[in-house]
There are 4 protein chains.
Amino acid sequence: MNDKKTRILKATEKLLAIYGFHGLSMQMVAKEAGVAAGTIYRYFEDKDDLLHQLYDHILNHVANKVTQNVSDDMPLKDRFRTMWLNIWNMANQEDAPLINRGQFENLPRRNGTEQRQMEQKLFAKVNQLFDEGKASGLFKQLDNEILSVLSLEPSACLARKHINGVFRVDETSREAAIDACWDAITQH
Amino acid sequence: MNDKKTRILKATEKLLAIYGFHGLSMQMVAKEAGVAAGTIYRYFEDKDDLLHQLYDHILNHVANKVTQNVSDDMPLKDRFRTMWLNIWNMANQEDAPLINRGQFENLPRRNGTEQRQMEQKLFAKVNQLFDEGKASGLFKQLDNEILSVLSLEPSACLARKHINGVFRVDETSREAAIDACWDAITQH
Amino acid sequence: MNDKKTRILKATEKLLAIYGFHGLSMQMVAKEAGVAAGTIYRYFEDKDDLLHQLYDHILNHVANKVTQNVSDDMPLKDRFRTMWLNIWNMANQEDAPLINRGQFENLPRRNGTEQRQMEQKLFAKVNQLFDEGKASGLFKQLDNEILSVLSLEPSACLARKHINGVFRVDETSREAAIDACWDAITQH
Amino acid sequence: MNDKKTRILKATEKLLAIYGFHGLSMQMVAKEAGVAAGTIYRYFEDKDDLLHQLYDHILNHVANKVTQNVSDDMPLKDRFRTMWLNIWNMANQEDAPLINRGQFENLPRRNGTEQRQMEQKLFAKVNQLFDEGKASGLFKQLDNEILSVLSLEPSACLARKHINGVFRVDETSREAAIDACWDAITQH
DNA sequence: AATGAATGAGCATTCATTCAT
DNA sequence: GATGAATGAATGCTCATTCAT
């Protein structure tokens, strides 16, 4: 049943977060999910497929998180700040243990156009933000992907280093970082 | 001889870039390096040690590349631009196949203070740049690590996506991206 | 199934008898037992566990053999003679190839009290023989372990040397040896 | 030089006593002996040969120890008692770490007649004791090997169990055991 | 549909032995 | 003679995958 597939995905995510990529065996997943080893192969072609689907599963979750509490009628800056903080907060939340990237970013992922389109759709609100910003003359005239790397990627990167203890980021610094990211993409 | 150790490191780097972290076996490394499997263990304690040493090896290379052609008497902006491009260019060069990060960043690394200090020293020039910028009132008053994430990390990130074909970055966009990164860390 | 576990134990015993402790590899065991290498690890934690369990398995067999056809109502001397010959005969039988000690005695064995108690119970009849002999004033007042070494150990030792061709022991000599062992433990 | 050969044998004996048969590698022996790995092969054909020669080396030592302080003009019983105690004492002495049998008895040994003859000669005094005892009508008319197993083997066996902590043998018991062994081989 | 015992190729690592110096 | 770096087959063990039930 669908129930089982979900349990397998959840188990995989959990174990991946705990033991990392190396320490993940199909038998462990089976045990954690409460199914037989063979059952996994009824829902997933092989280990790669399991990981691919997990990627999609998590990406979906991420997209929802990133764009939550963001509505079209909010001022651009508010929308940006909300998204930036959504990304920042994700790292601290238990329900998405893999977002402490490193582990997520390096999941094997499919590279077809189909995959690309899906990802586009998931992050439609982000693209909309950048499109509006450019149309209004507020943002620099750069591809959305580049704007994203300049302004949102640092949020994820800082959060990861913060959470991993590489260095601390206090609230004041964090607010300054948000403004700096805003400075990066706006015209001067 | 030292020759063999180097060949083993080079082989590991190459195979890691091709097959990723998993799918890297000691026998593969041996074959690629043109030595016997047992020989690896003459130079490296075990697989972990091989990876640790590779990390240091590459980090050294990276640090040199990043700070090359950067001297203290250049204007801040020039220094910054040079470093940014150094990072960008690294991704395109065959001699450092792992810099298409993702794979490099996730090498297991030692976490002692000793390791941290070594890394600090390697990137002294980067820190100097940020320190001078802040002292002169040109840069925002933020920790060097944060400034680095805001301004240099995007270079690596864009380069990686560029090289992996996620999207194209033409020269004009690249120059605009450099300016945007500069905007991120300077006062307005 | 239990069948497989038994086959693995039998195969181990056989190969141990032929090739000795070293020269016993898990793959050899697997091949001889007609199972895949990995299957062994379904029934035994690791090589040590396999050897431990084999020890128990054989000790059980030995205990049964040694005390077979021995009943409490037989005269002491008859019981002793029967056990002595049971030990002697074991060496000649194909179903217990490791009894040509040397190899058996040096199997790694667990050393917990649990193990000790199990062994005590297995050889209860031997202890009973010695206890009765001492109670009746027929035997010397020595610990059972010492009496055992003086009277039964030589049987195993002679049998081993006989079987290994170190020297021949004809029937007359054997009977004399039994009497000699009896002389060793009885009062004079 | 002869010096090196001796050092290699001593090193082997020591390491064998500490790490057992399994944990003995040629590189360890080389290190302990203070020679290069390759040097071992100048004095010994291969690992087997090293072990064979160690066997002979130790057997020589054992033979000397067993028959020390034994002279032809001592009464039979005194000679016997001395040998019995020589065997018993060997187990406690540091200079022959392998005698705690198990490890020694299971060294691979050559089985040629040549080997047999050498062993005969080493234990000539033991044979002489038994021959005299039989000639005088004091001992049972049994092969020397059998007499040996009945009377001296228990000494080694008890000593081993004593030293390994299987059970304690106090002085009184030990004297009784010597008498019991004497009873085993004498006529009644 | 689901199971889980069985598989066997693959892994990291060791070590007896060789041989150029 | 002596060295010790190099070898590569062999080891104990794991784990993705299959398939009879």
Side-chain angles (χ1 to χ4, degrees), chain A residues 1-5 8 22-31 33-51, chain B residues 1-5 8 22-31 33-51, chain C residues 1-5 7-8 22-31 33-51, chain D residues 1 3-5 8 22-31 33-51:
Chain A
M1 331 172 171
N2 203 355
D3 171 39
K4 284 206 169 129
K5 184 165 184 178
I8 292 167
H22 283 98
L24 183 81
S25 82
M26 297 301 264
Q27 354 249 2
M28 277 171 68
V29 172
K31 197 171 177 182
V35 301
T39 303
I40 298 176
Y41 291 83
R42 195 150 283 284
Y43 298 103
F44 304 92
E45 227 156 89
D46 52 20
K47 197 182 185 181
D48 254 28
D49 185 42
L50 170 59
L51 263 10
Chain B
M1 330 179 167
N2 201 354
D3 172 38
K4 287 219 164 109
K5 185 166 183 178
I8 293 167
H22 340 82
L24 180 82
S25 84
M26 297 302 265
Q27 354 250 0
M28 279 171 66
V29 171
K31 199 171 177 181
V35 301
T39 302
I40 299 176
Y41 292 85
R42 189 155 281 285
Y43 298 102
F44 304 93
E45 225 156 273
D46 52 21
K47 197 182 186 182
D48 255 28
D49 185 43
L50 170 58
L51 263 10
Chain C
M1 329 178 169
N2 200 354
D3 173 38
K4 287 220 163 107
K5 185 166 183 177
R7 264 157 57 203
I8 293 167
H22 341 82
L24 180 82
S25 83
M26 297 304 263
Q27 354 252 359
M28 280 170 66
V29 171
K31 199 170 177 183
V35 300
T39 303
I40 299 176
Y41 292 85
R42 188 156 281 286
Y43 298 102
F44 303 92
E45 226 156 271
D46 52 22
K47 198 182 185 182
D48 254 28
D49 186 42
L50 170 58
L51 263 11
Chain D
M1 331 172 171
D3 172 39
K4 284 206 168 128
K5 185 165 182 177
I8 293 167
H22 285 97
L24 183 82
S25 83
M26 297 302 264
Q27 354 250 0
M28 278 172 65
V29 171
K31 197 171 178 183
V35 302
T39 303
I40 298 176
Y41 290 83
R42 197 152 281 285
Y43 298 103
F44 303 92
E45 225 158 272
D46 53 20
K47 197 181 185 183
D48 254 28
D49 186 42
L50 170 58
L51 264 9

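What you see is a predicted model, and the numbers here were worked out from it, not measured in a lab.
Taking both residues in full, the closest heavy atoms of B:Ala36 and B:Ala30 are given as C-CB, 3.9 Å, listed atom of the first, atom of the second, then distance.
Between the P atom of E:dA5 and the NZ atom of C:Lys5 lies a distance of 13 Å, rounded to the nearest Å. As rounded to whole Å, 11 Å separates atom C1' of F:dA6 from atom CD1 of B:Ile8. Taking atom CZ on D:Arg42 and atom P on E:dC19, their separation rounds to 13 Å, with Å as the unit. Atom CG in B:Leu50 sits about 10 Å away from atom P in E:dA12, given to the nearest Å. A straight line from CZ of C:Arg7 to P of E:dA5 spans 16 Å, rounded to a whole angstrom. If you take OH of C:Tyr43 and P of E:dG4, they are 14 Å apart, rounded to a whole angstrom. When the P atom of E:dA5 is taken as reference, atom CG of C:Asp3 falls 15 Å away, rounded to whole Å. Between the CD1 atom of D:Ile40 and the P atom of F:dG1 there is a distance of 15 Å, given to the nearest Å.
To the nearest 0.5 Å, atoms NZ (B:Lys5) and OG1 (B:Thr39) are separated by 14.0 Å. Summarising the geometry, atom CD1 belonging to D:Ile40 is positioned 8.5 Å from atom CD belonging to D:Gln27; distances are rounded to the nearest 0.5 Å. Separation of atoms NZ (D:Lys47) and CG (D:Leu24) is listed at 5.0 Å; rounding is to 0.5 Å. With values rounded to the nearest 0.5 angstrom, C:Met26 atom CE is found 3.5 Å from C:Tyr41 atom OH. Rounded to the nearest 0.5 angstrom, D:Tyr43 OH and D:Leu50 CG are separated by 13.5 Å. Here the CZ atom belonging to D:Arg42 is positioned 11.0 Å from the CD1 atom belonging to D:Ile8, to the nearest 0.5 angstrom.
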Contacts under 3.5 Å, N or O only, protein and nucleotides 15-17 of chain F:
from, atom 1, to, atom 2, distance (Å)
F:dA16, OP1, A:Leu24, O, 3.4
F:dA16, OP1, A:Lys47, NZ, 2.8
F:dA16, OP2, A:Met26, N, 2.4
F:dA16, N7, A:Gln27, NE2, 3.0
F:dA16, N6, A:Gln27, NE2, 3.3
F:dT17, OP2, A:Tyr41, OH, 3.0
F:dT17, OP2, A:Lys47, N, 2.9

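Taking A:Asp49 as the reference, A:Gln53 meet the side-chain hydrogen bond (donor to acceptor under 3.5 Å, both in side chains) condition, with sequence neighbours excluded.
Taken together, the paired segments of DNA chain F that extend over three or more consecutive Watson-Crick or G-U pairs, each closer than 3.5 Å at both contacts, are E:2-21 with F:2-21.
Put simply, B:Lys4 has no side-chain N or O that comes within less than 4.0 Å of OP1 or OP2 on F:dA5.
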